Amino acid sequence: MQYEKDFLVQAYRTMKTIRLFEERSIVEFERGNIPGFVHVSDGQEAVAVGMCMHLTDSDVIGSTHRGHGHSIAKGCDVIGMMKEIMGRATGLCRGKGGSMHIADFHKGMLGANAIVGGAPPLCNGAALSAKTLGKKDIAVSFTGDGGSSQGTVLEALNLAVVLKLPHIFMFENNQYGEGTGVSYALGAKDIASRAGAFGMPAEKVDGTDFFAVYETVAGAVKRARDGGGPTSIEADTVRFNGHFIGDPQLYRAKDEVKKLRKERDCLTKFRERVTGEGWLKTSELKTIDQEVADLIDRAVEEALAAPQPDPSELTTDVYVSY
Amino acid sequence: MAELTMVEAINLALRQEMEKDESVHVMGCDVGVNGGVFRVTDGLCDRFGEDRVMDTPLAESAIVGMATGMAVKGLKPVCEMQFSGFSYFAFHQLESQAARMRWRTRGRYQVPMVVRMPYGGGVRALEHHSESREVYYAHTPGLKMVIPSGPRNARALLVSAIRDPDPVVFFEGKLIYRSFREEVPEKEETLPIGESRIARDGDDLTVVTYGAMTQRVLEAADVLSGEDGVEVEVIDLLTLSPLDDAPVAESVRKTGRLVIVHEAHRSFGPGAELIARINEKAFYYLEAPVQRVTGYDTIVPYFAREQAYLPSVERIVAGARTALEF
């Protein structure tokens with residue numbers, strides 16, 4: 001496939017933004033600036049970006065508890081996100097969503113979701129709306145390997161086939177459902193074969209290779225837009241951190257992550273490919289790195305200076321008027 | 001006697017019951033090798049093996065449904081939901097299956113299972129990770145709903161819950177998981193399910209509470225004693241369903257004033273049921289309208305407003321003064 005330079009720059013910038021956003025989230029969490037439970041997605045950038053670069057603002061995605069990367073890939077404002085995960089009044093959801101419930105409907109981001117297996121039924125609905133209203137929009141649900149065993153997900157897979165919905169089920173297999181390995185928790189050979197058994201095309205892709213993801217997903221996007229119904233994709237990817245920030249990860253071999261970072265880092269792979277092909281220069285990538293680092297610094301700075309929600313916010317937004 | 005946190009005390013109860021009774025099985029997401037999200041099941045898998053301390057796929061509905069089937073056929077499962085807010089997927093299995101089994105078999109089947117769930121605020125999270133929706137379960141006939149208030153009674157009540165022939169939903173307050181230690185005897189202890197306790201004696205005002213809020217109520221009682229010279233009787237319910245209302249009525253007959261404190265939402269909350277019971281049993285003894293100090297009718301907010309959501313010592317004191325000054 002031929003790639004325009006602008007496209008490659010955008011892909012790299014977005015992946016790098018996710019990487020630095022996540023790495024900085026860990027730092028700010030440890031400094032006590034981010035409360036609660038935070039699940040970071042570094043290592044999985046190529047899946048979010050390779051998928052979302054096919055989408056417009058009117059397409060929707062539904063995300064997981066590990067949703068920062070999907071949000072950034074779908075175009076959510078990074079500064080608004082940092083404010084949100086710090087619970088500030090000017091955050092993307094006015095400090096009411098936090099890390100696990102970031103949403104931005106203007107960008108087609110239906111929301112991160114603390115409930116594992118939460119997104120697929122919602123995305124079926126968004127897809128059915130698009131279909132009913134005669135639009136070409138599609139929906140993409142992100143689900144982890146752990147979530148792939150939830151009843152809601154299996155119900156949604158079937159319904160999407162029955163109703164021929166423009167819905168792509170993106171299963172991010174990062175090998176762990178929280179602290180339990182996929183080799184234990186998944187009874188089938190893989191997620192793709194299980195999803196395929198519901199009667200939809202089901203593919204597998206190396207989720208650490210941006211180009212593989214982008215190209216594999218292209219057919220599914222076209223099929224959905226053309227009325228061909230749902231597709232499921234299983235992206236084989238890696239989780240560089242624990243289930244949540246602070247997870248001691250006793251269930252992983254000591255040098256596992258070190259090895260993954262060396263061999264399966266999607267950003268390293270991207271850099272090697274684009275410089276190897278002569279599509280982008282190392283100096284160009286470095287410029288992007290610096291610009292992204294500056295953006296993340298600014299996001300943290302603005303978030304720390306942003307006001308806390310007013311106490312009156314406690315009882316607003318439960319109904320149209322409270 | 002060892003000084004244990006509530007996490008350690010619950011772990012002790014599980015360990016001893018598993019040693020004593022081979023039919024006791026522990027199951028849930030990450031409870032085995034990983035020792036549980038709050039480390040409550042730490043070490044159990046090493047001791048009892050993966051068959052009895054079973055990691056499950058991430059599927060709350062399947063976990064609780066399977067536990068129900070195990071329980072009717074001779075085992076005593078103790079399931080863990082990682083947060084009570086994650087249990088809604090499993091609600092159907094609890095409500096439509098576990099809770100009704102005895103009734104629909106005219107008593108021939110019983111369901112000796114426990115579903116443990118960390119509940120409530122205090123961990124700077126929000127929504128599902130901090131909710132206190134015990135009324136869903138307390139409202140369901142056929143389920144018992146137990147909420148301990150500290151390490152020692154948590155241990156004793158869990159032992160009783162495991163031995164109970166009916167399904168017990170067992171809420172563990174995250175706020176008090178590690179906030180204080182208590183002496184917990186190594187020797188077996190039980191507490192009857194369905195009995196409250198008097199956590200503090202007093203003649204001037206009755207405050208009823210349970211779970212993690214008990215500590216705050218006791219703190220508020222000290223403030224009222226010190227600043228107002230008022231002695232508060234604190235009743236710690238320990239079990240929400242079946243509800244032990246007789247000691248509450250008895251206390252109200254003595255004090256004439258009642259405040260109810262819970263972090264659950266206000267409307268249709270446990271306080272509403274308690275007020276109805278007191279109206280039935282001690283109405284003529286009331287000298288002031290019953291006060292409720294509760295969570296609000298809103299989603300549990302993120303950390304900046306979390307403490308505003310939870311009943312604070314100040315709010316409890318203010319509620320008590322309203323009842324006293326009427």
Side-chain angles (χ1 to χ4, degrees), chain A residues 32 34-38 65 84-89 91 93 95-101 113-118 144-154 177-182 184-187 243-244 247-251 307-319 322, chain B residues 28-39 42-43 45-46 50 54-65 82-83 85-90 92-93 121-131 174 265-267 295-310:
Chain A
I34 300 173
F37 300 96
V38 180
H65 56 290
E84 184 59 35
I85 70 173
M86 290 192 187
R88 305 297 169 132
C93 304
K96 287 195 162 179
S99 167
M100 266 184 283
H101 304 274
N113 206 312
I115 296 301
V116 173
D145 48 280
S148 78
S149 295
Q150 279 283 23
T152 47
V153 177
L154 306 175
E178 304 196 10
T180 299
V182 69
Y184 171 80
L186 184 74
H243 167 51
F244 54 91
D247 176 2
Q249 301 187 72
L250 303 172
Y251 48 87
Q308 301 281 359
D310 190 81
S312 65
E313 290 275 328
L314 182 61
T315 52
T316 59
D317 301 323
V318 179
Y319 300 111
Y322 187 81
Chain B
C29 302
D30 288 342
V31 298
V33 179
N34 210 26
V37 65
F38 288 102
R39 324 271 339 130
D42 197 21
C45 189
D46 284 344
E50 291 175 12
M54 186 173 61
D55 279 319
T56 61
L58 224 160
E60 290 84 1
S61 175
I63 295 166
V64 173
Q82 295 188 314
F83 291 83
F86 296 175
S87 71
Y88 310 141
F89 276 157
H92 162 76
Q93 298 296 333
V123 289
R124 304 183 1 132
L126 76 172
E127 290 203 31
H128 305 92
H129 290 76
S130 293
E131 289 175 352
K174 295 190 286 290
H265 308 299
R266 188 177 188 83
S267 295
Y296 298 99
D297 292 340
T298 185
I299 313 298
V300 179
Y302 208 11
F303 80 110
R305 297 278 77 87
E306 184 187 24
Q307 292 304 326
Y309 173 86
L310 293 173

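Every chain is numbered from 1, with letters handed out A, B, ... down the list of sequences. Note that the structure is a prediction, hence the values are computed from the model and not measured. Values below: every heavy atom of this structure, side chains too, minus hydrogens, waters and symmetry copies.
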**Report entry** B:F83 portion near chain A, given a 4.5 angstrom heavy-atom threshold
**Finding:** side chain

**Report entry** Minimum heavy-atom distance A:G98-B:Y302, with the two atoms named
**Finding:** CA-CE2, 3.5 Å

**Report entry** Segment of A:M100 engaging chain B (4.5 angstrom heavy-atom cut-off)
**Finding:** side chain

**Report entry** Closest heavy-atom pair and its distance - B:H128, A:A114
**Finding:** ND1-CB, 4.0 Å

Query - Shortest non-hydrogen separation from B:E127 to A:K96 and the atoms involved - result: OE2-O, 4.5 Å

Requested in this report: Report yes or no: does B:T298 contribute a side-chain atom to a donor-acceptor pair with the main-chain N or O of A:L314 at less than 3.5 Å?
Outcome: yes

Requested in this report: Tell me, for B:E60 versus chain A, whether the close heavy atoms (under 4.5 Å) come from the side chain, the backbone, both or neither.
Outcome: both

Query raised in the report: Can you tell me if A:Y251 uses its side chain to pair, donor with acceptor, with the backbone of B:D30 under 3.5 Å?
Result: no

Query raised in the report: In terms of heavy-atom pairs under 4.5 Å, which option from A:G177, A:G147, A:P311 contacts chain B the most?
Result: A:P311

Query raised in the report: With respect to chain B, which residue among A:G151, A:S149, A:S99 yields the maximal number of heavy-atom pairs within a distance under 4.5 Å?
Result: A:S149

Query raised in the report: Could you walk me through whether A:F37 and B:V123 pass the side chain to side chain contact (heavy atoms under 4.5 Å, CB included) check?
Result: CA-CA 9 Å; A:F37 300 96; B:V123 289; 4.0 Å; yes

Requested in this report: Just jot down the ring-ring contact (aromatic ring centres under 6.0 Å, His included) partners of A:F244, sequence neighbours excluded, or say none.
Outcome: none

Query raised in the report: Is chain B contacted by the side chain of A:H101, its backbone, both, or neither, given a heavy-atom distance below 4.5 Å?
Result: side chain

Query raised in the report: Of the backbone (N, CA, C, O) and the side chain (C-beta and beyond), which part of A:D310 lies under 4.5 Å from a heavy atom of chain B, both, or neither?
Result: backbone

Report task. Select, from A:I115, A:V116, A:L250, the one with the greatest count of heavy-atom pairs under 4.5 Å involving chain B. Result -> A:I115

Query raised in the report: Between B:N34, B:V37, B:I299, which has the largest tally of heavy atom pairs under 4.5 Å with chain A?
Result: B:N34

**Report entry** Minimal non-hydrogen separation, A:A185 against B:P57, with atom names
**Finding:** O-CG, 3.5 Å

Report task. Apply side chain to side chain contact (heavy atoms under 4.5 Å, CB included) to the pair A:V318 and B:D297, showing each step before the final yes or no. Result -> CA-CA 8 Å; A:V318 179; B:D297 292 340; over 6 Å; no

Report summary line: Contacts of A:T152 meeting side-chain contact (heavy atoms from CB on, under 4.5 Å) (sequence neighbours excluded), chain-then-number -> A:P121, A:Q150, B:F89

